[in-house]
Trainee: 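Can you keep this structure in mind? I'll have questions shortly.
The structure displayed is predicted, hence computed values, not measured ones. The figures here come from the full heavy-atom set of this structure, side chains too, leaving out hydrogens, waters and symmetry mates.
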Amino acid sequence: MSTSTKAAKKSVSRFGRLLGLGAERMMREPQLVAIADGLVVSDTAAEAWFTLSGANTDLMPEERQDIEQDAAALALAKVLPGYECHLKIVWSRLDGEVYREEAGRIFSAGDVEAVADMWAARLDALELPQRHLLLGIRIAERDSAANATVKNSVSGALGVSHTGLDESELAHLDGLARRVERRLEATPWRARIAPAELLAWAVSRESFRPQPAPPRLPAITGASLVRLTQSKAIPHADHVRMMDARGQTAAWVSVLVMPAFPEELITPGEQEWLRCLSEIRYQHPVTGDDPLVCPEASVRFAVWRKGAAIKAVDKQRQLAKEQRKSAAEGSAGETFAETEETEAVMEDLRRQMSRDGMTLLEDHPRIIVSSTESLEDLRARCDGVIAHYAGLSIDVTVASEEQRELWLEAQIGDMLRVADLGHIRTTDALAASMFWGGSEAGDDEGPIAGLLTGTTPGVCRIDITAGSARGDATTTAFVGRSGRGKTTSMMLATLIAGLKGAFSLMLGFKGDEGGLIKAGEYLGLDSHHVTCGVETPAVADVFRLLPKGDAALQVVSQLLIILPERMRDAGVETHLLRAANSIAAHEDAATWRVIEYLQNSSDPLANEAGDALAELSRTQLGAPLLGTPKEGASPLRPEPGLWLVQVPGLTMPQAGTRPADMTMTERVSLALMRGLIAYALSTSARADLRNLPKVVAIPEVHVLTGTDDGRRFVDYIARTGRALDTSLAIDTQDPKSLMGLDGVLEAITTVCAFEQSTKAQQDAMAELLRLPLSDSTRALLHGVGKDLRGDIRHGHCIVRDRRDRVATMQWDMPSSELRDALSTNPKDQAAAHEAALLQDTQPVENPADSVHTPPQEGSEAA
C-alpha cells in the first residue's frame, strides 16, 4: 500500500473510530478510468485481471486431486506474496443469440441459418449457467482516495474531466500485467489475460441494466466506460436494491459473509467450499421447485510474505507466553488452557513455516446472492445457501447493516472495506476451496455436442474434425454396450462434421444408421445413401471409385479373394491381371467388363472364373462389386457431402482365418469390404481434397478389426489422419478389441465411454479413459447409462478429451425432429417408415415441411 493511501486512511480513521468502524468503510468509491485487455484502471489503483481455467476434479482420482490442491497452495505461496488479490466467481447464461452468431462462423454447409436458429432456441430453453473464474491483482497505486477526490472536484469546477489514460502509463501497466501472467501460466489455473470485453461485461453486469456491447477498442475509456458503469443501488439492512434506468427495481442482491470455518476441512469432498457453489439449490417460494441458486463469490485476499508472516506468528506466540507467565504469577497460580494451547499452536506453526515452507494469507470470503424475481425469492435463495453450508459445518450469514460496504467491496476496481470479517490461515485453506474445480471437458470452441452433467453445469463442445487443424491426432472412440446411444451420438458428431463442410463417410455394418441421411436432408445437407445389394449393382465397383491406374490391381486383389483356392493354385491370377489391364485402358472401365473378358476367353480356367464371377454378381454381396450398373443406382463418388454406405448381410472371417477355410459368403464379404476400404483411403488421400476436412465413421468397428485387412485399414487411417486431414470415428461394444491396436490407441484424442457391464470390458474402458482400475471406477462405468431410478439414460456417457480431462456428459439433440430422425430404435424406424408411406399417399399441400425445403414463391406459406 502506498504512503499516500495510508495517509488517506488516517485522515478518515478518526471518524471511523468515533463510530466504531474501520477506515476502509469510510473510503469513497474509486472511479474507473479505463478498461483494457487484462487491466482495470481506477483513479486510485491499477489491477491486472486474468481468466482462470477450471480443472475437472469430479472424476479425478483422489491422489491426483491431492496433487492438484498442493500445487495450487504452492502457487499461492510462490507467485502472489505481497499482492492484494481479488478472486471472483461469476455466472452468465449461455445466450442463444451469441451461439447463433458463432454458428454462422462454425458451419458452412446445409441450411446454416436454420441450424443456428435450432441450437439458439435449444440453449435459450435450457438457460444454462456458465462459470467464469476471474482473478484480479493490484499491480500499481495511482493516487490516494483523498487526492483523487480533490482532483475530481477541481476538474469538475473547471469544466474538464479526468477520465483519460496516458498511453505510456497504459503500456507500462500492460507490461506489469504480462509479467504476472507469465508466472501464473504455470499454475493449475493456467491463467490468461482477461479480454477487455469480458472485463467490461463483468463490470456492467453488476448494474442489472441492459448495456450496449463494449466497443472493440484497445482500451475502453471516457463515455463508453461511463455507459457501462452507470447504476443505482439502494442499500437496506439485509440486501441492496438495484434500480434500472426508469427507476424500477431490476434486482435484489444480498451479500453473505462466512465468519467461521471448521478447524479442519476434509478434501477432496463436499467441504470444497467454493467448488460447491454450482451444487446449491433452494425451494422456490411460489412453484416449490428446487432450481439452482448459482451464488457468486468475491474473495479478497493477501498472501503474506514469509518474513512478515513469521513475525506475526512470533508476536502472537510472545503475547501468549507473557499471558501465561502473568497468570502463573497470580494468586491462583493457574493458567488458562486456551493460553497454553495458543502458545503451543504458534510454536508449531512457527516451526512449520521455517522448515516446511508453510505460508499464511488473510482472506475475506463473501457470497453474493441475487434475484430478479422478488425480495421473497432472494431470501429463499439466501436460506438455501445458508442451509447448504451449514451441512458442511461452515457458518454463513447475511451481513446486517453492512450491505452497502460489502456490495462495493465485491465490485471490480474497489477495495477491501470490511476488514474485520476475515480469516488468517494457511494457503492450503484457500486451495482447499478448489474454486477452480468441478466439471470441465471438451474443446474450447466449436460446435456444441451436449451438456456437462457434473457439479459444474455447462455445455460440452466436441469437434471430431479439429485434431488435424491443431496438429494433433484425429481419432474419436465411442465405446459401450448396445442400446445406450453410442451409435446415435457418433451419427450426431458425423452430422455436425458435415455441417462444417467436411466429406463425411459412414460405413454402416449394422443396418440401423439410415437416420443419418434423414437428418442430413432435414438440415439441408448434400446427403447420399448407398445400400449395397442386388438392387444397387456396381455401386462399389472399384473401377468407378479409384483412378484407373490404381483400380486394376485392386480389382485383381478382390477377385482373387472371391475365387476358390483351387483356381488360385491353378494360376488364375495371370488371367485376372491380363483382363484387368485390358479393361483399364477402356474409356468406361468396369469390373463387369472384366468378367465378360474372362467369359470370352479361350482358356478354360479363365472361362470358368468368368462364369463363377458372373453368377456371384447376381447375389446380395456380389452385385455391388461385380454387377452391371442399373440406371438410377447412385454410385459412390469422391465428392464432399454426407455419405452413408450400408452393407447388410456382411459376414467377415475371423482374423487369421486361412483363405481355404473361408466360406463363400466370407470371401465375398471380405472382397466388398476391401473395395469400400480402398474407396475411403483413396478419397482421404486425394490431392484435390487435401484441404477439405474428411471424416470416416465406422459403427461396430469390431466387425472390421476382427479381420487382418480391417485392422490394417483402421490402423492406417488412425496413423495418417493428421497428414491427410482425415478424422476417424469408431464405435464398438468391445473396448478390449482396441487394446491390441497400438496405432489406434495412440491416435485417440477423445473417448466417449457409455455403460459397460462386465468386469473385463470395464477394465478395458478404464484404460481408455485413463482412470484407475478400481471398484469405484467399475461402479461408475456400470451406472453411467442409468438415471436415479435405474432406467436407461440414452446418450449419457463419460468423455475424456484431448487434455485427458474426464467428465460426464449428455449428448443433446437441439430439436425433437432431429432426435426422431437419428433414432436407431427399430420401433421408431418402423413408425417413421409407416408415416412416410402414409405421407406419400396423400396430396402435398405445403411442401415447406422441413428446414431445408423453402415454400414455393407465390404459395400461402411464402
Trainee: Between Arg778 and Leu773 (side chain of the first, backbone of the second, donor and acceptor by atom type, cut-off under 3.5 Å), is there such a pair?
Mentor: no
Trainee: For the pair Lys518 and Asp820, evaluate salt bridge (Lys or Arg N to Asp or Glu O under 4.0 Å) and give the outcome as yes or no after the intermediate values.
Mentor: CA-CA 10 Å; Lys518 289 194 295 183; Asp820 294 341; over 6 Å; no
Trainee: Quick one: closest heavy-atom pair of Val668 and Leu616, and the distance?
Mentor: CG2-CD2, 4.2 Å
Trainee: Sub-3.5 Å donor-acceptor pair from the side chain of Thr777 to the main-chain atoms of Leu771, do we have one?
Mentor: no
Trainee: I'd like to know if the side chain of Gln558 reaches the main chain of Met673, judged simply by a donor and an acceptor atom lying under 3.5 Å from each other, with no hydrogens or angles considered.
Mentor: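 It does not hold such a pair.
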Trainee: What about Trp119 and Phe107, are their ring centers closer than 6.0 Å?
Mentor: no
Trainee: Would you mind telling me which of Leu123, Asp812, Leu452, Leu126 makes a side chain to side chain contact (heavy atoms under 4.5 Å, CB included) with Val459?
Mentor: Leu123
Trainee: Side chain to side chain contact (heavy atoms under 4.5 Å, CB included) for Phe478 and Thr750? Distances and angles first, verdict last.
Mentor: CA-CA 9 Å; Phe478 299 80; Thr750 304; over 6 Å; no
Trainee: Taking C-beta and beyond as the side chain, do Leu769 and Met765 meet within less than 4.5 Å on heavy atoms?
Mentor: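 Of all side-chain heavy-atom pairs linking Met765 with Leu769, at least one is under 4.5 Å.
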Trainee: We want to know whether Thr665 and Thr663 form a side-chain donor-acceptor pair, criterion being a heavy-atom distance below 3.5 angstrom.
Mentor: no
Trainee: If you draw a 6.0 Å radius around CD in Glu565, do more than 12 non-hydrogen atoms from other residues or ligands fall strictly inside?
Mentor: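 Atom CD in Glu565 is packed in, count exceeds 12.
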Trainee: Between the side chain of Ser617 and the main-chain N/O of Leu626, is any donor-acceptor distance below 3.5 Å?
Mentor: no
Trainee: Rounded to the nearest 0.5 Å, what separates atom OG1 in Thr758 from atom CZ in Arg481?
Mentor: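 That separation rounds to 9.5 Å.
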Trainee: More than 12 heavy atoms of other residues, nucleotides or ligands under 6.0 Å from CE of Met739: is that the case?
Mentor: yes
Trainee: Counting only N and O atoms by type, is there a donor-acceptor contact under 3.5 Å from the side chain of Thr456 to the main-chain atoms of Ser439?
Mentor: yes
Trainee: Do Phe503 and Pro693 come within less than 4.5 Å of each other through their side chains, counting heavy atoms only?
Mentor: no
Trainee: Evaluate side chain to side chain contact (heavy atoms under 4.5 Å, CB included) for Cys752 paired with Ile798, printing each intermediate quantity in order.
Mentor: CA-CA 6 Å; Cys752 295; Ile798 304 169; over 6 Å; no
Trainee: Could you grab the distance from atom SG of Cys532 to atom CG of Leu621, nearest 0.5 Å is fine?
Mentor: 9.0 Å
Trainee: Can you tell me if His702 and Thr732 form a side-chain donor-acceptor pair at under 3.5 Å?
Mentor: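 There is such a pair (donor and acceptor under 3.5 Å, judged by atom type) between the side chains of His702 and Thr732.
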Trainee: So Phe754 and Trp811, ring-ring contact (aromatic ring centres under 6.0 Å, His included) or not? Walk me through it.
Mentor: CA-CA 11 Å; Phe754 296 78; Trp811 283 83; 7.7 Å; no
Trainee: What do the steps show when you test Asp541 against Thr591 for side chain to side chain donor-acceptor pair (under 3.5 Å), and what is the final call?
Mentor: CA-CA 6 Å; Asp541 189 341; Thr591 303; 2.5 Å; yes
Trainee: Report yes if some heavy atom in the side chain of Met491 is under 4.5 Å from a heavy atom in the side chain of Thr494; otherwise report no.
Mentor: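 They are not in side-chain contact.
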Trainee: Do Lys500 and Ile106 have side chains that approach each other closer than 4.5 Å (heavy atoms only, starting at C-beta)?
Mentor: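 The answer is yes, as the side chains (C-beta and beyond) meet within the 4.5 Å cut-off.
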Trainee: Check Ala502 against Thr465 and note the closest heavy-atom contact, atom names and distance.
Mentor: CB-CG2, 4.5 Å
Trainee: So for atom CD, which belongs to Glu279, do other residues, nucleotides or ligands contribute more than 12 heavy atoms lying within a distance under 6.0 Å?
Mentor: yes
Trainee: Are any of the side-chain heavy atoms of Leu495 and Leu516 separated by less than 4.5 Å?
Mentor: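 When only atoms from C-beta onward are counted, Leu516 and Leu495 do touch, with a gap below 4.5 Å.
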Trainee: Taking the side chain as every heavy atom from C-beta outward, state whether Leu728 and Ile730 have any pair of such atoms under 4.5 Å apart.
Mentor: yes
Trainee: For Leu818, is there any backbone N or O sitting under 3.5 Å from a side-chain donor or acceptor partner on Ser815?
Mentor: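 Side chain of Ser815 to backbone of Leu818: a pair is present.
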Trainee: So, His529 and Gln646: side-chain donor and acceptor under 3.5 Å apart, yes or no?
Mentor: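 Yes - a donor-acceptor pair under 3.5 Å links their side chains.
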Trainee: Between the main-chain N or O of Gly446 and the side-chain N or O of Arg461, is there a donor-acceptor pair closer than 3.5 Å?
Mentor: yes
Trainee: So, do Glu817 and Tyr522 sit near enough that their side-chain heavy atoms are less than 4.5 Å apart?
Mentor: yes
Trainee: With heavy-atom distances below 4.5 Å as the criterion, would you say the side chains of Gln756 and His782 are in contact?
Mentor: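 Gln756 vs His782: side chains apart.
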Trainee: Do Thr453 and Thr808 get their side chains close enough for a donor-acceptor pair, meaning under 3.5 Å?
Mentor: yes
Trainee: Decide if atom CZ of Arg793 counts as having more than 12 heavy atoms of other residues, nucleotides or ligands within a radius under 6.0 Å.
Mentor: yes
Trainee: Taking it one step at a time, do Asp775 and Lys759 satisfy salt bridge (Lys or Arg N to Asp or Glu O under 4.0 Å)?
Mentor: CA-CA 9 Å; Asp775 290 339; Lys759 181 179 178 181; over 6 Å; no
Trainee: Walk me through whether Asp763 and Lys736 qualify under salt bridge (Lys or Arg N to Asp or Glu O under 4.0 Å).
Mentor: CA-CA 9 Å; Asp763 289 348; Lys736 284 186 64 178; over 6 Å; no
Trainee: For Arg803, run the side-chain hydrogen bond (donor to acceptor under 3.5 Å, both in side chains) check against Thr749, Asp444, Asn56 and tell me which one passes.
Mentor: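 Testing Arg803 for a side-chain hydrogen bond (donor to acceptor under 3.5 Å, both in side chains) against Thr749, Asp444, Asn56 leaves exactly one candidate, Asp444.
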Trainee: Report the C-alpha distance between Lys486 and Glu755 in whole Å, list the side-chain angles of each, state the deciding distance to 0.1 Å, and finish with yes or no for salt bridge (Lys or Arg N to Asp or Glu O under 4.0 Å).
Mentor: CA-CA 10 Å; Lys486 65 181 184 304; Glu755 181 185 343; over 6 Å; no
Trainee: Look up atom CG in Asp801 and atom CE in Met809, then write down how far apart they are to the nearest 0.5 Å.
Mentor: 11.0 Å
Trainee: Side chains of Thr455 and Asp58: is there a donor and an acceptor less than 3.5 Å apart?
Mentor: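 A donor-acceptor contact under 3.5 Å links the two side chains.
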Trainee: Working to the nearest 0.5 Å, report the span between OG of Ser489 and CE of Met813.
Mentor: 6.5 Å
Trainee: Is a salt bridge present between Arg470 and Asp443, judged by a nitrogen-to-oxygen distance below 4.0 Å?
Mentor: yes
Trainee: Are the side chain of Arg568 and the backbone N or O of Leu560 linked by a donor-acceptor pair below 3.5 Å?
Mentor: yes
